[in-house]
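Report on one structure; see the data block that follows.
Computation of the quantities below employed the complete heavy-atom set of this structure, encompassing side-chain atoms and omitting hydrogens, waters and symmetry-equivalent molecules. The structure displayed is predicted, hence computed values, not measured ones. Order of listing sets the numbers, starting from 1, for every ligand and every atom in it.
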Amino acid sequence: MIKKILFTFLIALSFSNAQNDSSIVSLKTIDSTIIQDVRYATTNNFTGKVLYPSAIVFLRKVVADSLSKANKYFLEKYNYRIKIFDGFRPLHIQKLMWQIMPDERYVANPTKGSRHNRGAAVDITLVDLNGNELDFGTQYDDFSEKASPNYLDFPNPILENRKLLKEVMNKFGFIQLDSEWWHFDFKDWKRFSIPVEDGID
Ligand SMILES: [Zn+2]
């Protein structure tokens, strides 16, 4: 129930007129051509549990704008589109994930918080015009060394896909995590604090 209220609050926020570049917005209002596949709103995630009551991706406005620019670039130059798995992640969800996977290589410790909790990180992949995901060597949320961008024991097409994703995202202000090829922090993530969740453990 409390989680539902939080998401309702976020949806209301995203339609507020008084927006600036740090406002939390619904990504769809910025770019409806980015495919959304919010795995944490389904059981198809590493916890096997539905963690989000809503499959809407929220981000800081400047982060959503930058992601939209990257998406347009991928589309115009390569006929690819971005598919996003996760953006803003409420802190109480971070705590749940930490209970299930207390390993800082893959899940941020909630006492420090994740850049997702600030609305300044994205988990993404690329799809072709038919909606098929490109091969990046592992699935999203693969907790093995193969998920690292530094793991190089892959055939060339996979390494080229990884190189392209990283280069284009860098160009639009995103920095890749060195343990997950799909995770990118927005370069100015420190500007944004973690929203306080009163009454939510
Ligand atoms: Zn992530």
Would a single hydrophobic cluster contain both Leu126 and Tyr73, if residues Ile, Leu, Val, Met, Phe, Trp and Tyr are joined by side-chain heavy-atom contacts under 4.5 Å? yes

Are the side chain of Asn130 and the backbone N or O of Asn132 linked by a donor-acceptor pair below 3.5 Å? no

The Zn ion (ligand 1) as vertex, arms to ND1 of His183 and NE2 of His116: angle to 10°? 100°

Within 2.8 Å of the Zn ion (ligand 1), is there any N, O or S atom belonging to Glu180? no

For the Zn ion (ligand 1), the nearest N/O/S atom on Asp123 is atom OD1

Could you list the residues that satisfy ring pair (Phe, Tyr, Trp, His ring centres under 6.0 Å) with Phe174, not counting sequence neighbours? Phe186

Is Gln139 atom CD crowded by more than 12 heavy atoms from other residues, nucleotides or ligands, each under 6.0 Å away? no

